[in-house]
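Step one of this worksheet: look at the structure below.
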Number of protein chains: 2
Amino acid sequence: MKYGPDIALVASLIGEPARANMVLALMSGQALSAADLAREAGVTPPTATGHLAKLVSAGLLGVRKQGRHRYFEIAGPDVGQAVEALIAVAARAGHLRTRPGPKDEAMRHARSCYDHLAGRMAVDMFGHWMASGILCWRSGALHLTRKGRDFLGGRGIAFEALESGKRPLCRSCMDWSERRHHLAGTLGAEILEMAVAKGWAARERNMRTVSFSKRGEENFVRWYSRPG
Amino acid sequence: MKYGPDIALVASLIGEPARANMVLALMSGQALSAADLAREAGVTPPTATGHLAKLVSAGLLGVRKQGRHRYFEIAGPDVGQAVEALIAVAARAGHLRTRPGPKDEAMRHARSCYDHLAGRMAVDMFGHWMASGILCWRSGALHLTRKGRDFLGGRGIAFEALESGKRPLCRSCMDWSERRHHLAGTLGAEILEMAVAKGWAARERNMRTVSFSKRGEENFVRWYSRPG
DNA sequence: TTCATAGTTTGATCATAGCCGAATTATCGC
DNA sequence: GCGATAATTCGGCTATGATCAAACTATGAA
């Protein structure tokens, strides 16, 4: 007779440094090959194979075979949320690791984190909105202020529809490359949708890296920073 | 040069079965002594001491010395969220552990979670109230609807007094034996008080298990499900 | 076919860390 | 003061699992 979820199994998988590095590398949403992940984790291919097999069979990663390559990716949003939650704990407690997350500059600049915008641009937007009183912290949770509601209303964001569900309107998500907060939740998702819909940004093939055109980036920055 | 939060450190702490059992036992919100946790984890006191020292020094647990006892508790909401996220992943992937949190059936059926009712009956009540529009999710937080206010008003719950303090009126609390939400917050506490005051239920010596009489359970179910 | 690259399997090594028994320190009740 | 109980420290045993080198399989390219 078995009862209760076995969190130890899941946590111990993430709790091994090599595997944690792999998972963090995949947190960009990009699918990576076994060799890429071996490099990220700092282990040899055989070792990586073993780790990846465990992660896949436990349901933390998914795999897609393509020719002689095998591309791995985070299995689902629940895994992403668990990793984000662990990041938050580690960050609060001041535990730092030696190796950074996404190395490549383009990816640091703009990428999506599941369904919302992450990377430097997202962090900048978050900072700007905090500074101008659109967002604020209230008892540990992120809140959209009255001013923020006016602000978004004037920009055509239907936030009423976004806060109907169980998922929070605003959540902060710790960005591991910038080590600062950015906006998640349904509002964060909506903003990424909008940027794509307006043609400012395009998702790459892998669906998770987001590239802004030069003009799109200017428009986006203007969009979120224009007063009133 | 160090970058990025070390999630492997945090995850590996939770990833050890004995420690995971301790953390799960503390997820009720109740502070437990070292000996209690040793029993929960199925290890001897010396082993428990070692684990607890690691958990405390990593910032996952807090400790309160009281006489010759040391009471441990989850250090903060971020830790709780991380554990809940891991529960969600483990539950989705179908990983079950052999040892349940609350071992005996009576305790799964009805017990108190710190100061509010937990277990199957609480989960049923929560589901019923969600389905009938007494409670709803709004931007990630639990809300008592207008209908819910009428409903409770008609049942003699003075919810105005309950929402005056710093503590929220409604909170959801994840039940690890049922893996579903139940009602916490001052309203959850009040309902347990009421059930005890009306003689429907009695707290056991250890304060954690709550036993309903057969008649009390019927009355309680009728109380929360009667329309109007 | 032949070579090269991606990835896996095998087998052996080795370090980490979980575990307990016994002895030790601290606090309560008497 | 003296026992009793809570908790810790110490020392040594043991098992788990991370690691890599080398050999092997599979796919793609020439």
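The analysis underlying the following values was restricted to heavy atoms, covering all of them including side chains, and did not include hydrogens, waters or symmetry mates. All chains are named by letter (A, B, ...) in the order of the sequence lines, taking the proteins before the strands, and each is independently numbered beginning at 1.
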Please determine if a side-chain N or O atom of B:H69 lies less than 4.0 Å away from the OP1 or OP2 oxygen of D:dT5. no

Over how many whole Å does the gap from A:L52 atom CG to D:dA18 atom P extend? 13 Å

Would you mind telling me which of D:dT27, C:dC19, C:dG7 lies closest to the side-chain atoms of A:K65? D:dT27

Quick one: does B:M125's side chain get under 4.5 Å of B:F220's, heavy atoms only? yes

Give the rounded distance in Å between these two atoms: CE of B:M22 and P of C:dG18. 11 Å

At under 4.0 Å, does any side-chain N or O of A:T47 touch on OP1 or OP2 of D:dT19? no

Would you kindly give the CG-to-P distance between A:L37 and D:dA18, to the nearest whole Å? 16 Å

Side chain of A:R68: nearest nucleotide among C:dG21, C:dT9, D:dG28? D:dG28

Donor-acceptor pair, distance only, cut-off 3.5 Å: does the side chain of B:R19 make one with the backbone of A:A8? no

Nearest 0.5 Å, what's the NE2-OG1 distance between B:H51 and B:T49? 10.0 Å

Could you give the CG-to-C1' distance, from B:D36 to D:dT5, as a whole number of Å? 14 Å

Of B:A34 and A:P46, the one whose nearest nucleotide on DNA chain D sits closer to the 5' end is B:A34

Would you indicate which nucleotide in D:dC20, D:dT27, C:dT9 comes nearest to any side-chain atom of A:V43? D:dC20

Name the orientation class of the two ring planes belonging to B:H128 and B:Y224 (parallel below 30°, tilted from 30 to 60°, perpendicular beyond 60°). perpendicular

Quick check on C:dA17: is either OP1 or OP2 less than 4.0 Å from any side-chain nitrogen or oxygen of B:H51? no

Regarding the side chain of B:A35, the nearest nucleotide among D:dA7, D:dT8, C:dT27 is D:dA7

Reckon B:T44 has a side-chain N or O less than 4.0 Å from the OP1 or OP2 of C:dC19? no

Give the rounded distance in Å between these two atoms: CD1 of B:I14 and P of C:dG18. 14 Å

Checking D:dA7, C:dT8, C:dG18 against the side chain of A:R70 (C-beta onward), the nearest is C:dT8

On DNA chain D, nearest-nucleotide positions of A:E16 versus A:Q66: which is more 5'? A:E16

Looking only at atom types and distance, does a side-chain atom of B:R92 sit under 3.5 Å from a main-chain N or O of A:G59, one as donor and one as acceptor? yes

For the pair made of CG in A:L55 and P in D:dG17, what is the distance, rounded to whole Å? 14 Å

Nearest to the side chain of B:K54 - C:dT8, D:dT19, C:dG18? C:dG18

Ignoring backbone atoms, establish whether A:R19 has a side-chain N or O less than 4.0 Å from OP1 or OP2 of D:dA18. yes

